[in-house]
There are 4 protein chains.
Amino acid sequence: MTELTRPLSPRSARAHATALAAARALLGEGGLPAATVDAISLRSGVSKATLYKHWPSRTALAAEAFGREMADALPLPSTGDPRADLVEQVRQVSAFYAGAKGEVFAQLLAACVTDPSAAPYFREFFLDGRRAAISVLWQRLVESGLASPTVDAETATDLLFGPLIFRRLTGHAPLTFAEADAISSAALEGLLKRE
Amino acid sequence: MTELTRPLSPRSARAHATALAAARALLGEGGLPAATVDAISLRSGVSKATLYKHWPSRTALAAEAFGREMADALPLPSTGDPRADLVEQVRQVSAFYAGAKGEVFAQLLAACVTDPSAAPYFREFFLDGRRAAISVLWQRLVESGLASPTVDAETATDLLFGPLIFRRLTGHAPLTFAEADAISSAALEGLLKRE
Amino acid sequence: MTELTRPLSPRSARAHATALAAARALLGEGGLPAATVDAISLRSGVSKATLYKHWPSRTALAAEAFGREMADALPLPSTGDPRADLVEQVRQVSAFYAGAKGEVFAQLLAACVTDPSAAPYFREFFLDGRRAAISVLWQRLVESGLASPTVDAETATDLLFGPLIFRRLTGHAPLTFAEADAISSAALEGLLKRE
Amino acid sequence: MTELTRPLSPRSARAHATALAAARALLGEGGLPAATVDAISLRSGVSKATLYKHWPSRTALAAEAFGREMADALPLPSTGDPRADLVEQVRQVSAFYAGAKGEVFAQLLAACVTDPSAAPYFREFFLDGRRAAISVLWQRLVESGLASPTVDAETATDLLFGPLIFRRLTGHAPLTFAEADAISSAALEGLLKRE
DNA sequence: TTATAAACGAGACGGTACGTCAAGTCTTGCT
DNA sequence: AGCAAGACTTGACGTACCGTCTCGTTTATAA
């Protein structure tokens, strides 16, 4: 448990949860631009003052809402073939980025650049989750002897997803499965051990 | 010549250039947040109305100003060793991202997510330049037989810089030379031919 | 001939007339707000620079256009009965003020408050014409011995039309024939000689 | 109490009053042109957004400020002689129109033509007050048997002040006491009963 | 007929103010 | 006490129209 997830009084917990639900709904309807503080307050019935007692900024609130929603949306593949699992995960994630949720992801990532107070929330509730998932897959590869233990999961994650995210942000190239495969295979060639 | 760089009357050209200079200065002083439309107008003496005739939004203006400034700031290494050149370029770029200019880069990249009208300007005046530079280096590698012609420069660029940019945006990991080397060597392992 | 109506070269005269025609049309379509300098220039093909060589301001141009149009629109009644003629004139004018043209009149009168350079044009091309018409009627009354020569036509005009215009501007009371009659009869009672 | 004068929370009332005071001061210094929204906001410390929550437009704000200021500035004469009182009132009002405040009055009247949203404010806070004052005087005349009850105070007011205001707006004739007397006596001749 | 100077057409520019928006803070009153 | 309601400040945005200016072209008149 971190500083961002301390226990709350029942009343506070209710306000907290209600606000998150409203934010999630608004994010789904119109992305981050729709998740206005006033809109969240209005829909949830939680006052603005209370919102700012729970989160340092609107972006932080949205980041937590988004992160919690995504927590279960991207299940870990587990076919037994570690390499295939990782490739599959990259494909899934690239599909995610290409879709509507990917748009929200991009908006949040962008917003965190401007609003540093939100970054910890985005990391805590979204990025760390993704990263942990990859760590598991990576660990399996290392244990299978396919990947070198000298490359840490951090670097592997960045190599596998950084390119996809970069494309998503700049929109200079499409995010198809083919592209995802090209990237993941190239990256994995570099990451995995030679025979 | 694209649509964004059509020839202008002398008078317009003057206003255009003056505005860009003011924007560049403001970006240098306080990053994107300082490059307000009013501030640019005030400092350059170019009226707001004129600014909005030349650019669709403040972000587009800033993107062009930033891109033009960076055009020469990142020279191509040319030591004769294609692989070393590419590695050196990655190191330089990672240093760039880690510095003050990298902050502005991140702000612009983020702003383009929110403001789609600015994205073409950012691509035209910054990203494409960077991408072209890498293409040259990549071409040398292909010609040297070190890299496979089946991997295009686009993919290579994304693989080499996507991870760095991702780190810069989320701030989850530092952008040191060591990190840059780890990433570039891992990526290159996958990209380059095995002997 | 006043300073405002000096002879022009054929070319200039053409531009002058074309601009006035365009202004008149625009006034008819959307009132003074529609008679933008750009709109007049665009529709007439007369450049803005030329417009400002002929008139000191957009309002002056519009005032002249309006005044010339109205010159013949309000014919003098001439039934032989001077008193009836005057009453009829007041009724006609009140009907005019109540209509669409009256709206434009009000807009021009208002604009001249803000833009003093236009006032002479409004007087020259509109007000003086109206005032002259009343003078004729008033003169007939005086000659008929119905009105005292000690009251000048100026005062009579103001008394007869001031109230109507005041109502038109503030909109606090309607401008019906009944109202016009009430005002004119009351005013005339004071202006005309007793039996 | 009308819709324009509903009760406000203490906080809002403070902002409302402060804004009006600033507007009044600015009107006094530079007339309506000086009563810019930004200027009022700056001087009063009330933000523009708040101003636009309280009033539909800058003109409406200025109209209310002006009207409230004038409320006590033009006291009712009460000499016991109803006719003399009315003449005196006309003289006072004509002096008012001829002065600096009259300039502001003309500007506001003109502005209300362009900005219909402001007209109710000008009526509510200025014109109705003036009109009520005249009604009192007129009532006294009627009660004294000097004026006919068939002429309503509305018409009398328009007849007495319309001409003055018309002169003030067009500037075609001066607004001296002599002129005012000529107008008022002529008008009253028509309005008052013959013995 | 041709030169040439004035006037024009096209349209960009500087300036000023407008009215709007969302973020984040603060007050007021209810529970 | 603590929260809902909501008004307030701040800062920037993008727009509209005015009147001025530049530049290249047309037109009228005199050589």
Evaluate the side chain to side chain contact (heavy atoms under 4.5 Å, CB included) criterion for residues C/T18 and C/S44: first the C-alpha distance (whole Å), next the side-chain angles of each, then the deciding distance (0.1 Å), finally the verdict. CA-CA 6 Å; C/T18 321; C/S44 65; 4.1 Å; yes
**Prompt:** Going through the distances and angles, do D/T50 and D/S47 end up as a side chain to side chain contact (heavy atoms under 4.5 Å, CB included)?
**Reply:** CA-CA 5 Å; D/T50 300; D/S47 77; 3.1 Å; yes
Apply ring-ring contact (aromatic ring centres under 6.0 Å, His included) to residues A/F126 and A/F105 and explain how you reach the verdict. CA-CA 9 Å; A/F126 182 77; A/F105 164 79; 5.6 Å; yes
Item to check | Step-by-step side chain to side chain contact (heavy atoms under 4.5 Å, CB included) determination, D/D38 to D/L42 | outcome: CA-CA 6 Å; D/D38 292 275; D/L42 192 65; 6.0 Å; no
For C/V46 and C/I40, run side chain to side chain contact (heavy atoms under 4.5 Å, CB included): C-alpha distance rounded to whole Å, both residues' side-chain angles, the deciding distance at 0.1 Å, then the answer. CA-CA 8 Å; C/V46 175; C/I40 295 171; over 6 Å; no
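Looking at heavy atoms from C-beta onward, D/E69 lies in side-chain contact with D/K101 at the 4.5 angstrom threshold. B/P56 places a side-chain heavy atom less than 4.5 Å from the side chain of B/Y121. Looking at heavy atoms from C-beta onward, D/L109 lies out of side-chain contact with C/V113 at the 4.5 angstrom threshold. With contacts defined as side-chain heavy-atom distances shorter than 4.5 Å, the pair B/R168/B/E103 qualifies. Between D/P33 and D/Q107, the closest side-chain pair of non-hydrogen atoms falls below 4.5 Å.
Closest non-hydrogen pair, D/L51 versus D/A19, comes out as CD2-CB, 3.5 Å. Counting all heavy atoms, side chain and backbone alike, A/L20 lies closest to A/R68 at CD1-NE, 3.6 Å.
Applying the ring pair (Phe, Tyr, Trp, His ring centres under 6.0 Å) rule to pairs touching residues 32-54 of chain B yields B/H16-B/H54, sequence neighbours excluded. Residue pairs meeting the side-chain hydrogen bond (donor to acceptor under 3.5 Å, both in side chains) criterion with at least one partner in residues 22-31 of chain A, sequence neighbours excluded, are A/E29-A/R43.
For the contact set between residues 106-123 of chain D and DNA chain E, defined by any heavy atom under 4.0 Å, there are no members. For the contact set between residues 19-29 of chain D and DNA chain E, defined by any heavy atom under 4.0 Å, there are no members.
Rounded to whole angstrom, the span from the CD1 atom of B/I40 across to the P atom of F/dG14 amounts to 11 Å. At whole-Å resolution of the value, CG in C/L32 and C1' in F/dC17 are 12 Å apart. Between C/L42 atom CG and E/dA12 atom C1' the separation is 15 Å, expressed in whole Å. Between the CZ atom of D/R14 and the P atom of E/dC26 there is a distance of 14 Å, given to the nearest Å. Nucleotide F/dA4 holds its P atom 17 Å from the CZ atom of A/R43, rounded to whole Å. Rounding to whole angstrom units, OH of residue B/Y52 and C1' of E/dG15 are separated by 16 Å. Following rounding to the nearest Å, C/L51 (CG) and F/dC17 (C1') show an atom-to-atom distance of 14 Å.
For DNA chain F, the stems formed by at least three consecutive Watson-Crick or G-U pairs, with both atom-pair distances below 3.5 Å, span E:1-31 with F:1-31.
The residue among B/P33 and C/R58 whose nearest nucleotide of DNA chain F is located toward the 5' end is B/P33. Residue whose closest nucleotide on DNA chain E sits further toward the 5' end, between A/T36 and C/S41: C/S41.
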Show each protein N/O and nucleotides 7-10 of chain F N/O combination with a separation under 3.5 Å, one pair to a line.
residue, atom, partner, partner atom, Å
F/dA7, O3', D/S12, OG, 2.9
F/dA7, N3, D/R11, NH1, 3.1
F/dC8, OP1, D/S12, OG, 3.1
F/dC8, OP1, D/H54, NE2, 3.2
F/dC8, OP2, D/H54, NE2, 3.4
F/dC8, O4', D/R11, NH2, 3.3
F/dT9, OP1, D/G45, O, 3.0
F/dT9, OP2, D/S47, N, 3.0
F/dT9, OP2, D/S47, OG, 3.3
F/dT9, OP2, D/T50, OG1, 2.9

